[in-house]
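This report refers to the structure that appears directly beneath it.
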Amino acid sequence: MVDPRFFKTAGPFSLGELAEICGGSLSEGDDASRSFADVAPLQLAGPHEISFVDNAKYRVLLADCGAGACIVHPDLATSAPAGMALILSEDPYRAYARVAAAFHPPVPLEPGVAANADVHPDAEIGEGCEIRSGAVVGRGARIGPRTLIGALTVVGENVVIGVDCRIDCQVTLSHCVVGDRVCIATGVRIGQPGFGFAVSTQGHLSIPQLGRVVVGDDVEIGANTTVDRGAGPDTVIGQGCRIDNLIQIGHNVVLGRGCVLVGQSGVSGSTQFGDFVMLGGQAGVAGHLSVGAGARIGGKAGVMRDVPMGATVMGTPAIPIKTFFRQQAILARMTSRRRGNENG
Amino acid sequence: MVDPRFFKTAGPFSLGELAEICGGSLSEGDDASRSFADVAPLQLAGPHEISFVDNAKYRVLLADCGAGACIVHPDLATSAPAGMALILSEDPYRAYARVAAAFHPPVPLEPGVAANADVHPDAEIGEGCEIRSGAVVGRGARIGPRTLIGALTVVGENVVIGVDCRIDCQVTLSHCVVGDRVCIATGVRIGQPGFGFAVSTQGHLSIPQLGRVVVGDDVEIGANTTVDRGAGPDTVIGQGCRIDNLIQIGHNVVLGRGCVLVGQSGVSGSTQFGDFVMLGGQAGVAGHLSVGAGARIGGKAGVMRDVPMGATVMGTPAIPIKTFFRQQAILARMTSRRRGNENG
Amino acid sequence: MVDPRFFKTAGPFSLGELAEICGGSLSEGDDASRSFADVAPLQLAGPHEISFVDNAKYRVLLADCGAGACIVHPDLATSAPAGMALILSEDPYRAYARVAAAFHPPVPLEPGVAANADVHPDAEIGEGCEIRSGAVVGRGARIGPRTLIGALTVVGENVVIGVDCRIDCQVTLSHCVVGDRVCIATGVRIGQPGFGFAVSTQGHLSIPQLGRVVVGDDVEIGANTTVDRGAGPDTVIGQGCRIDNLIQIGHNVVLGRGCVLVGQSGVSGSTQFGDFVMLGGQAGVAGHLSVGAGARIGGKAGVMRDVPMGATVMGTPAIPIKTFFRQQAILARMTSRRRGNENG
């Protein structure tokens with residue numbers, strides 16, 4: 001059960017309603033009218049809660065699970081304990097996403113501008129916006145309807161933000177144009193000047209950074225991530241990208257649609273990603289490179305060359321994943337062999 | 001000598017008092033009544049100051065040191081210059097910690113709520129708390145006695161914070177329950193939604209993140225670190241953990257007691273650490289793994305499998321440290337041999 | 001053309017003026033009186049704009065470029081299309097820096113203290129400073145003339161900041177002395193206590209952190225970077241260093257002059273850098289090491305030993321770059337050979 005101090009729960013929903021919400025099918029013999037009060041994780045769920053299993057690794061947990069219902073892939077159905085109602089889905093995680101969102105719709109805004117927010121008279125604030133305590137909104141900024149600006153967030157001069165965005169607290173936005181339905185977590189920095197200067201032992205010379213950051217619709221950006229503005233061209237975050245915490249995106253970077261960047265990864269200046277690129281945790285991509293659509297870059301990889309469309313790479317310098325693991329295997333064999341010799 | 005603009009110094013203390021404070025023993029013939037005004041680093045200490053040597057690497061500095069007294073391991077005692085008083089300790093760093101804390105106790109709070117702090121009338125603020133300028137405390141938040149809330153920090157709705165905590169400025173806390181004597185540095189983000197969504201080229205679908213962050217007693221968390229709340233279960237930081245700067249802790253992570261996470265390391269979602277795990281700088285642990293109690297993960301390691309209790313691992317993918325260095329040695333030999341052939 | 005909502009443009013300037021500004025020479029036959037309205041990136045520039053090519057990789061873009069003028073290295077001059085005016089420079093990037101700065105001088109301050117800034121009456125604010133909305137300036141702080149303090153920035157007690165500094169919004173400064181003409185980006189944290197404690201399963205024991213951070217003149221520090229104060233000695237950032245985003249600098253670290261630290265890199269406690277060291281993106285240096293002047297540490301490197309002056313290293317543990325790439329080549333050959341055997 002969720003902590004009611006932090007989460008409100010809608011519902012209850014019947015099993016039949018839940019199957020419809022998530023596009024899953026009921027297991028034969030299950031009672032569609034059975035009522036459920038909430039979602040819950042596998043290990044904690046009780047008889048009035050519905051859970052899910054996405055990872056075959058957790059099959060054993062499923063067998064012991066006390067949940068009244070579970071969303072599972074048909075292949076795992078036989079591992080469920082007797083009496084558990086099942087919603088069968090080819091994509092249990094996606095199905096669970098819909099069910100959980102039904103029980104936990106976004107918290108509605110409380111429209112208005114906090115008394116101590118500092119909103120410039122020339123800023124345009126759309127209808128239904130909520131501007132929280134201590135937020136600072138600069139001259140000429142334009143914020144679309146039904147957007148949340150969190151406490152102590154700074155929206156710089158002339159920044160444009162779309163409709164239905166959720167900008168959390170303590171964020172800094174400058175020199176940027178943000179699309180619709182964008183979620184930006186606490187501590188994110190967007191639009192500061194990039195790392196551009198001419199190196200010299202006589203003193204490095206800064207280059208004015210004259211581009212913007214353009215954030216597409218439906219983008220989500222995690223806590224304390226930084227996105228530098230372009231040096232001349234813009235830095236572009238494509239529609240639907242998901243960017244985790246503590247990520248660095250350099251100036252002029254262009255990310256295609258739906259890219260997924262995992263925590264603490266980084267993309268250096270002027271590198272371009274196609275659509276739906278996956279960048280693993282703590283991975284990094286050097287500057288001025290091109291990463292093709294659908295490429296997957298493993299965790300901790302250090303990419304020093306272009307990555308072709310659809311490729312999966314790993315290591316530093318990053319190489320095709322099969323080669324990477326073959327190298328690891330060879331090294332492992334050499335080590336154990338040599339050790340044998342030394343001991344023998 | 002410390003900069004008096006930034007630090008007040010208690011004392012003076014006699015050599016005898018200092019030995020008692022730190023549980024060390026005086027070197028034979030030293031005058032227990034000799035008075036000391038402050039601690040100081042080895043290279044800078046003068047005759048009225050006491051220093052320490054923890055690292056045998058600094059033995060040569062000890063010989064040249066001008067400190068009036070020094071806390072040293074008995075093995076290093078012979079390296080001290082004549083006339084320097086010695087406090088002998090099996091654990092000089094720990095002993096120094098106690099001595100330094102005697103000279104520099106925590107700065108006392110100035111209880112009260114700053115005029116421009118925005119504290120919701122339904123929040124509960126314990127006795128003796130100091131709530132600094134511009135802080136925002138939400139509806140239903142509960143802050144225990146003698147806790148500091150720094151300038152421009154945001155404490156979200158219904159957040160619970162224990163007694164004697166020091167929450168620095170510019171912090172964001174939401175969806176969390178924080179224990180007693182917890183220190184949270186500037187820019188830390190705790191409780192934001194984790195990186196949870198069902199991936200799809202039709203558009204990634206977010207999963208409501210319905211857990212909390214539970215921070216144990218005596219935890220310390222460094223600047224700009226991010227701790228996501230659980231997806232369903234809680235994210236848990238065990239009692240006494242020390243977490244450095246710019247660290248990412250994903251949703252559902254559970255850290256045991258006393259874990260030490262060094263700067264820029266990261267732990268991916270649902271991974272569990274036993275007690276007293278050490279995670280080196282810039283190391284990363286993949287999701288859904290288990291790291292046993294007392295395991296040590298080297299700097300920059302990329303852990304892709306469970307780590308057994310007490311193991312020490314390194315590299316990406318992380319392997320036992322001996323194997324790692326053996327592989328490095330083999331590679332090095334191959335390189336120099338081949339080079340020989342090429343030149344020969 | 002830059003987005004006029006975010007950037008004002010000075011000028012126009014004649015080709016002759018621009019050549020003089022940047023110390024370049026005109027190509028024979030070019031009309032020195034030809035007028036230019038702005039700088040622009042190679043791919044976007046039009047006939048009234050001037051661009052530059054620094055990277056031979058972009059030679060092909062030069063041939064297709066619509067810019068009225070371009071700053072190029074003499075070697076690339078023949079690749080320029082007919083009709084394009086050329087300014088020849090041995091260092092086109094540096095030349096471009098000067099030209100771009102002429103078109104885009106720093107935005108002048110609007111001196112004064114925002115009504116809702118919280119400046120302690122005992123703080124000294126120099127003439128011509130701009131203190132923005134919600135900033136907090138503590139007791140005894142001293143801020144030099146013509147310095148900008150951004151919105152919601154916290155300047156701690158007795159902190160000293162020089163003249164002509166630009167401290168962006170949401171920054172935290174404590175226990176530090178900052179030089180002249182320093183630029184600090186949004187979300188930077190300077191002066192918090194370092195990661196110092198005596199490890200013990202009986203409970204880690206914190207060491208009072210009694211040093212400061214000393215930031216030299218002309219330093220620039222990027223968004224969300226953290227610089228811990230010294231434990232006893234100071235942490236020192238040498239004159240003219242350029243530090244990118246999300247970088248961790250531990251206590252007692254000393255950086256020489258003009259060091260360049262690229263995004264997400266880190267330097268552990270007590271390590272010392274000579275002048276003009278380059279630290280690549282996501283690279284890390286262990287504690288208590290010495291890195292010689294002019295050394296270059298590759299992206300993602302993990303430095304575990306001292307690095308000699310002028311050396312270039314890579315890998316983890318970091319080794320000379322030639323050895324590193326030789327090892328990669330050997331591994332690659334072994335993999336393909338073995339694969340041949342397996343297939344054959």
Side-chain angles (χ1 to χ4, degrees), chain A residues 116 118 134 136 140 152 154 156-158 160 170 172 174-175 177 187 189 191-193 195-201 203-208 210-212 224-226 228-234 246-248 250 252 264 266 268 282 284 286 288 300 302 304 316-317 319 323 326-327 330-331, chain C residues 2-3 5-7 39-44 51 55 57 91 93-94 96-98 100-101 103-104 114 116 132-134 150-152 168-170 183 185-187 218 220 222-224 240 242 244-246 258 260 262-264 275-276 278 281-282 299-300 315-316 328 331-332 334-335 338-339:
Chain A
N116 67 343
D118 177 7
V136 177
L152 301 169
V154 176
E157 287 190 16
N158 295 314
V160 178
Q170 314 265 31
T172 313
S174 77
H175 302 84
V177 176
R189 315 298 172 191
Q192 57 284 347
F195 200 56
F197 52 91
V199 171
S200 163
T201 52
H204 311 310
L205 198 58
S206 292
I207 313 283
L210 302 168
R212 307 167 304 171
N224 283 353
T225 279
T226 60
D228 290 346
R229 70 175 184 254
D234 292 325
L246 290 169
I247 286 171
Q248 153 68 356
N252 309 343
Q264 296 177 316
S268 298
Q282 298 184 339
H288 298 274
K300 285 241 167 237
M304 296 169 64
T316 303
I319 52 179
T323 312
R326 204 177 290 129
Q327 289 186 1
I330 290 174
L331 268 174
Chain C
V2 301
D3 185 331
R5 291 176 295 186
F6 299 118
F7 305 97
V39 291
L42 210 52
Q43 307 94 312
L44 304 174
S51 195
N55 192 326
K57 188 169 172 176
D91 187 346
Y93 197 41
R94 198 169 179 86
Y96 171 77
R98 297 195 189 284
F103 282 111
H104 299 278
N116 67 344
R132 291 200 179 152
S133 184
L152 300 169
D168 203 342
C169 49
Q170 316 264 31
C183 291
T186 170
D218 303 300
E220 297 193 15
N224 283 354
R242 299 294 172 117
D244 202 352
N245 297 354
L246 290 168
V260 173
V262 182
Q264 297 176 315
D275 295 342
F276 296 102
M278 302 285 213
Q282 298 184 338
K300 285 241 167 238
T316 304
Q328 297 301 314
L331 268 174
M334 287 177 59
T335 316
R338 191 166 302 238
R339 198 187 182 182

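Letters go in sequence order (proteins before strands), and every chain restarts at 1.
- Atom-to-atom distance recorded for Lys300(A):NZ and Lys300(C):NZ is 5.5 Å, nearest 0.5 angstrom.
- Tyr93(C) touches chain A through backbone and side chain together, each having a heavy atom under 4.5 Å away.
- Heavy atoms closer than 4.5 Å to chain A are found in the side chain of Val39(C), but not in its backbone.
- With a 4.5 angstrom heavy-atom cutoff, Ala101(C) touches chain A via backbone and side-chain atoms both.
- Below 30°, between 30° and 60°, or above 60°: for His175(A) and Phe6(C) the angle between ring planes is between 30° and 60°, a tilted geometry.
- Under the rule for a salt bridge (Lys or Arg N to Asp or Glu O under 4.0 Å), the partners of Asp234(A) that lie at least two apart in sequence or sit in another chain are Arg212(A).
- Between atom NE2 of residue His104(C) and atom CD1 of residue Ile207(A) there is a gap of 12.5 Å, rounded to the nearest 0.5 Å.
- Between atom CD1 of residue Ile247(A) and atom CG of residue Leu246(C) there is a gap of 9.5 Å, rounded to the nearest 0.5 Å.
- A donor-acceptor pair is defined here as one N or O able to donate and one able to accept, closer than 3.5 Å; such a pair exists between the side chain of Gln170(C) and the backbone of Leu152(A).
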**Message:** Please determine whether side-chain contact (heavy atoms from CB on, under 4.5 Å) holds for the pair Arg5(C) and Val160(A), giving the CA-CA distance in whole Å, both sets of side-chain angles, and the decisive distance to 0.1 Å.
**Reply:** CA-CA 10 Å; Arg5(C) 291 176 295 186; Val160(A) 178; 3.5 Å; yes
**Request:** Mind running side chain to side chain donor-acceptor pair (under 3.5 Å) on Asn224(C) and Thr226(A) for me, showing each step along the way?
**Result:** CA-CA 7 Å; Asn224(C) 283 354; Thr226(A) 60; 5.9 Å; no
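- In this structure, chain A has heavy atoms under 4.5 Å from both the backbone and the side chain of Leu331(C).
- Considering CG of Leu205(A) and OH of Tyr96(C), their distance stands at 12.0 Å, rounded to 0.5 Å.
- Under the side chain to side chain donor-acceptor pair (under 3.5 Å) criterion, Asp91(C) pairs with no residue, sequence neighbours left out.
- Contacts between Asp244(C) and chain A at a heavy-atom distance below 4.5 Å involve backbone atoms as well as side-chain atoms.
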